[in-house]
There are 2 protein chains.
Amino acid sequence: MTSSPSGRRAPRGSLSAAATRRVERPAPLRQAVYDALLELIVNRTLAPGQHLVEAELAEYLGVSRQPVREALQRLQTDGWVDLRPAQGAFVHTPTEEEADQLLAVRSVLETYSAKLAAEHATASDVKLLKKLQKAGEEALVTANVERLVKANADLHAAVAAIGRNKVLSEMIGLVDRRVRWYYTPIARPRSRDSWNEHAELVAAIADGDAERAGEVMHNHAEQTRQTYHDRKTPEGSTESD
Amino acid sequence: MTSSPSGRRAPRGSLSAAATRRVERPAPLRQAVYDALLELIVNRTLAPGQHLVEAELAEYLGVSRQPVREALQRLQTDGWVDLRPAQGAFVHTPTEEEADQLLAVRSVLETYSAKLAAEHATASDVKLLKKLQKAGEEALVTANVERLVKANADLHAAVAAIGRNKVLSEMIGLVDRRVRWYYTPIARPRSRDSWNEHAELVAAIADGDAERAGEVMHNHAEQTRQTYHDRKTPEGSTESD
DNA sequence: GAAGTGCTTTTTGCATACCAAAAGCTGTAT
DNA sequence: ATACAGCTTTTGGTATGCAAAAAGCACTTC
């Protein structure tokens, strides 16, 4: 029972190099499961409407039902799956209405975020933004959709972080991820305009012009919303990848 | 998909009077536990910082650990408790910074909500608002804090509902509840002003004046925020502004 | 007496097993 | 075929066990 001298925990006393990192997190399994399932949902491996059976997921992921259940419940509160009372989890099927509402909320949150960013941005913040902007424009020329989407997400996240409002950042993170899920399949043609607007946004933030930053972001978000609407009624084409 | 006209919705018996009620919900236990714990937190039975032991809560509530765990995890994602990796749940301790951030987010969400309400309000919507306004003013004369808080919450929720944006409503619900948790203990002196502003808001919505409704709501929220700040600086404070 | 040390206890996190109830499916009798 | 009955699958919850981590305690040592 009390075997081995395995109790050689890190020295409690003079921490010495302890400052570097907090050792290793036990890495809560449910979090890993959550990430895995979210990935599967976002990349359409698990299709909207699909029934997710706990036991299957558990076996597939090599864990027991418990962490799967907990992950599914969190996925529900974040809007990725629907938990029907006695039937289990189904991948959420986004409706047009819901997408529009999400885009609207995103618009107001991001607009505020841009204002805050303009008010708080330091020189190094601006530097980071310009770096991200450049990365985005490079992705633009390679026409790599995945990279573009990521660059876009990174820039928006950076703006939110600069605003120094964690509550806001977190919300934007949640909303944006879902919006991106809906929007990604049709994101192609707007990229160029989008990054021009980003450039304008970065400039406004660099100038510390909150009013203008907010305005630019608002227009940016509304453009996206408009694009979504224009695009959504061609024919039910499932263009995946 | 579900639009198949055949509607094979299991007609087990010809429904008879089934239309009235959806039978009885199986009543998901974790939800009941969630509600119970939230109530205990909000009314300060469980104090901020307190360590919540799964087994204790389970016994206290007469359920097993599992639903308690699930409730605690949802309480975490909603910001009511902190789940420390290997130590369990602690009632969240709100910081001044966080409260302010929450108030700021609430402000922008509510402002948008008011605009939407003004755009969408029907005659019966306005009627409801006026009813709630009246209820609030009655609570005002009785000086019953609890009733006042509830009336306030009801009115804001009604405005959000009128806006017809579910995503927004839900978010406002989450944010407002937390704000109220922080704010309730100091809600006294502003009630009168607050309800005057509510009256103005209702009037603007009734007129369908989105611009004005948004403005009124914005001022209303910012006033609340200001009150919160004024109140929490009794003596020489370290204002980081 | 103070400080550092190991040991025990507590609690979480996950696995496993089991069961009742509900929803879905299937097969059979009429 | 249709309606009914029974079977199967799946959830939601209980109970239990256990490894690992944190906290608390007691004990030794200086």
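Hydrogens, waters and symmetry mates play no part in the numbers below; they use all other heavy atoms, side chains included.
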Nearest heavy-atom approach of A:Ser169 to A:Ala160 is OG-O, 3.2 Å

Could you list the residues that satisfy salt bridge (charged side-chain N to carboxylate O under 4.0 Å, His left out) with [X], not counting sequence neighbours?
X        : result
A:Arg164 : A:Asp125
B:Lys166 : none
A:Arg225 : A:Asp100, A:Glu222
A:Arg147 : none

Whole angstrom value for the distance that separates [atom2] of [N] from [atom1] of [X]:
X       : N      : atom1 : atom2 : answer
A:Gln73 : D:dG13 : CD    : C1'   : 12 Å
A:Leu83 : D:dG12 : CG    : C1'   : 11 Å
B:His51 : C:dT10 : NE2   : P     : 14 Å
A:Glu54 : C:dA22 : CD    : P     : 18 Å
A:Leu29 : D:dC18 : CG    : P     : 20 Å

Q.
Both A:Gln87 and B:Ala89 contact DNA chain C. Which one's nearest nucleotide lies toward the 5' end?
A.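 Nearer the 5' end of the strand: B:Ala89.
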
Residue pairs passing the ring-ring contact (aromatic ring centres under 6.0 Å, His included) test with at least one member in residues 84-113 of chain B, sequence neighbours excluded, are B:His51-B:Phe90

Residue pairs passing the ring-ring contact (aromatic ring centres under 6.0 Å, His included) test with at least one member in residues 145-182 of chain B, sequence neighbours excluded, are B:Trp80-B:Trp181, B:His156-B:His198, B:His156-B:His220

N/O donor-acceptor pairs under 3.5 Å from side chains in residues 59-68 of chain B, not counting sequence neighbours:
| residue | atom | partner | partner atom | Å |
| --- | --- | --- | --- | --- |
| B:Arg65 | NE | B:Glu54 | OE1 | 3.0 |
| B:Arg65 | NH2 | B:Glu54 | OE1 | 3.1 |

Contact check, residues 56-71 of chain A vs DNA chain D, heavy-atom distance under 4.0 Å, returns A:Arg65, A:Arg69

How is B:Leu72 classified with respect to the nucleic acid when contacts are heavy atoms under 4.0 Å: base, sugar-phosphate, or nothing?
->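 Answer is nothing: B:Leu72 stays at 4.0 Å or more from every strand.
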
Taken in chain and number order and not counting sequence neighbours, the residues that satisfy side chain to side chain contact (heavy atoms under 4.5 Å, CB included) with A:Asp154 are A:Leu132, A:Lys150

Practice task
Using the test side chain to side chain contact (heavy atoms under 4.5 Å, CB included), find all partners of B:Thr93 that sit at least two apart in sequence or belong to another chain.
Solution key: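 For B:Thr93, the residues satisfying side chain to side chain contact (heavy atoms under 4.5 Å, CB included) (neighbours in sequence not counted) are B:Pro48.
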
Under a 4.0 Å heavy-atom cutoff, the residues of residues 30-38 of chain B touching DNA chain C are none

Could you list, one pair per line, each protein nitrogen or oxygen that sits under 3.5 Å from a nitrogen or oxygen of nucleotides 7-9 of chain D, together with the distance?
none

message: Does A:Glu97, at its CD atom, have more than 12 non-hydrogen atoms belonging to other residues, nucleotides or ligands within less than 6.0 Å?
response: no

